[in-house]
Amino acid sequence: MPELPEVETVRAGLADHVLDQVITEVEFRHPRATRRSPGGEAALADATTGARITAIARRGKYLWCEFGNSDATLLIHLGMSGQILIDPRPGMPRHHLRARFAIGSHEVWFVDQRTFGHLMISESHETPDGQPAGWGSNQPRIPTAIWHIARDPLDSYADLPAIARAIRGRTTSIKRALLDQTVVSGIGNIYADESLFHARIHPRRATATMSQKQALKVLHEAREVMTQALAAGGTSFDVLYVDVAGRSGYFERELTVYGRAGLPCVRCARPIVRESFANRSSHRCPSCQRTPAPAHLAKC
DNA sequence: AGCGTGTCCTGGATGC
DNA sequence: TGCATCCAGGACACGC
C-alpha cells in the first residue's frame with residue numbers, strides 16, 4: 001500500500017529511466033484505469049503519444065509527468081495496490097496489468113490488483129505561491145485536478161506552522177485531520193499512526209484543544225518517519241507493493257505501532273492496542289498515548 | 001461551509 | 001473441505 005515514501009521511490013525510479021524520453025506507445029488493459037480522465041482512453045493516448053517527458057513530479061501521493069511547455073500533464077495515483085514496473089521481466093504475470101507505455105527504449109507497466117489507482121490527463125495552472133508544485137517539478141504549475149491537495153510534510157515549500165494552525169482550526173480528531181489531504185497530504189493510515197505514536201498524541205484528540213507546539217510536533221514526527229522510510233526504500237507489507245524495478249521495500253521492520261496489535265510497545269513494553277476508527281483501525285500504545293479527558297476527546 | 005459516512009475493488013483471512 | 005463473509009486501504013460523492 002504505497003504511501004508518500006513509496007510514491008517518492010517510484011517517482012525517483014521513473015525519473016532515472018524515462019526523463020527526456022518520448023512516449024511512443026500507449027495501451028490500456030482495464031477501463032477503470034482511466035475512469036477519471038476526461039475523454040477516457042482515447043483522449044489520454046492522444047495527449048501522451050509523441051510527447052516528451054520533461055519532469056516527473058510528486059505532491060503527496062500524486063505523481064505527474066510534465067511535457068515541456070504544454071499545460072497538459074499525465075497524472076498518476078497508485079491507489080492501494082498500484083505499481084509501476086520498468087522493463088518487467090519476460091515472465092511477469094499480466095493479469096493485473098492495467099496500462100502499458102513504450103517510453104524511449106523502455107517498457108513501462110501500470111499494474112494494479114485492486115484498481116483503486118488511476119491515470120488521467122489534467123491541465124495545469126500556476127501555483128498560488130509561485131513555487132514548484134512538488135518534488136521533481138521544474139515549473140510553478142500544478143495539475144488542476146489536484147489543486148486542492150495540500151503540500152506534504154517533505155515538501156520544502158510546506159509551511160508546517162501554517163498547517164498546524166489549520167489543523168487546530170478544525171473541529172475533528174487529529175487523526176482525521178492528518179488523513180485529510182486538503183490539510184496536509186501524503187499521510188495515510190500507517191504514517192498517521194506512526195506519527196501520533198512518536199508525538200505521544202492520542203488519535204482521537206480533538207484538534208481544537210491542541211497547542212500549536214503539539215500540532216507542530218505531530219507534523220515534525222510525520223516528516224521524520226517519512227524521511228526514514230524514504231531512506232529505507234519505502235514501506236511494504238506484501239508482494240503487492242514493489243518499486244519501479246520490482247524490489248520490495250523493507251521499512252516495515254521499523255514500524256512501531258501499525259500492525260503491531262498485542263506486541264510490546266518499543267518504549268514501555270505495554271501491548272499495542274488496535275481500535276476501530278472511522279471504518280478503519282488505529283494502533284496506539286495505551287500508556288504512551290493516553291486517552292485524553294472527555295473535553296479533549298473528539299467524537300471520532 | 002464543514003464535517004462524517006458510504007462507496008469503489010480484489011483476494012487473503014476468517015468463520016461456520 | 002467448501003462456501004460465505006469480512007477486511008484492508010485512498011479519495012471523493014454525497015448528505016446532514
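So you know, we letter chains A, B, ... as the sequences are listed, proteins then strands, and number each from 1.
The nucleotide whose nearest atom lies closest to any side-chain atom of A/Glu3 is, among B/dT10, C/dG10, C/dC12, C/dG10.
Summarising the local packing, CG of A/Asn69 is surrounded by 12 or fewer heavy atoms from other residues, nucleotides or ligands at distances under 6.0 Å. No more than 12 heavy atoms of other residues, nucleotides or ligands lie within 6.0 Å of CD in A/Glu126, so this atom counts as exposed by the packing criterion.
Rounded to whole Å, atom P of C/dA11 lies 11 Å from atom CD1 of A/Ile146. As a whole-Å value, the separation of A/Leu178 CG from C/dG10 P is 12 Å. For A/Arg32 and B/dC9, the CZ to C1' distance is 6 Å, given to the nearest whole Å. In this entry the distance linking CD1 of A/Ile76 with C1' of C/dA11 reads 17 Å, nearest Å. In this structure, A/Arg59 places its CZ atom 13 Å from P of C/dA11, rounding to the nearest Å. Taking atom CZ of residue A/Arg36 and atom P of nucleotide C/dG10, one finds them 15 Å apart after rounding to whole Å. For A/Arg98 and B/dC8, the CZ to P distance is 17 Å, given to the nearest whole Å. The distance between atom CG of A/Leu75 and atom P of C/dA11, rounded to the nearest whole Å, is 11 Å.
If you run side chain to side chain contact (heavy atoms under 4.5 Å, CB included) between A/Arg151 and each of A/Val184, A/Ile163, A/Asp129, A/Leu160, only A/Asp129 comes through.
In terms of phosphate contacts, A/His96 brings no side-chain nitrogen or oxygen within less than 4.0 Å of OP1 or OP2 of B/dT10. Dashed line: the shortest gap from a side-chain N or O of A/Tyr191 to OP1 or OP2 of C/dG10 is not under 4.0 Å. Side-chain nitrogen and oxygen atoms of A/Gln181 include at least one within less than 4.0 Å of the OP1 or OP2 phosphate oxygen of C/dA11. Residue A/His148 places at least one side-chain N or O closer than 4.0 Å to OP1 or OP2 of C/dC12.
By the 4.5 Å heavy-atom criterion applied to side chains, A/Arg165 and A/Gln212 are counted as neighbours.
Counted by atom type alone, A/Thr144 and A/His125 present one or more donor-acceptor pairs between their side chains at under 3.5 Å. For A/Thr256 and A/Arg260, the side-chain atoms include no donor-acceptor pair closer than 3.5 Å.
Residue A/Gly79 is classed as having no contact, given no heavy-atom separation below 4.0 Å to the nucleic acid.
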Produce the list of close N/O pairs, under 3.5 Å, pairing protein atoms with atoms of nucleotides 2-6 of chain B; give distances to one decimal.
residue	atom	partner	partner atom	Å
B/dC3	OP1	A/Thr171	N	2.9
B/dC3	OP1	A/Thr171	OG1	3.3
B/dC3	OP2	A/Arg170	NE	3.3
B/dC3	OP2	A/Arg170	NH1	3.0
B/dG4	OP2	A/Thr172	OG1	2.8
B/dT5	OP2	A/Arg176	NH2	2.7

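Using cut-offs of 30° and 60° on the angle between ring planes, the pair A/Tyr62 and A/His77 is perpendicular.
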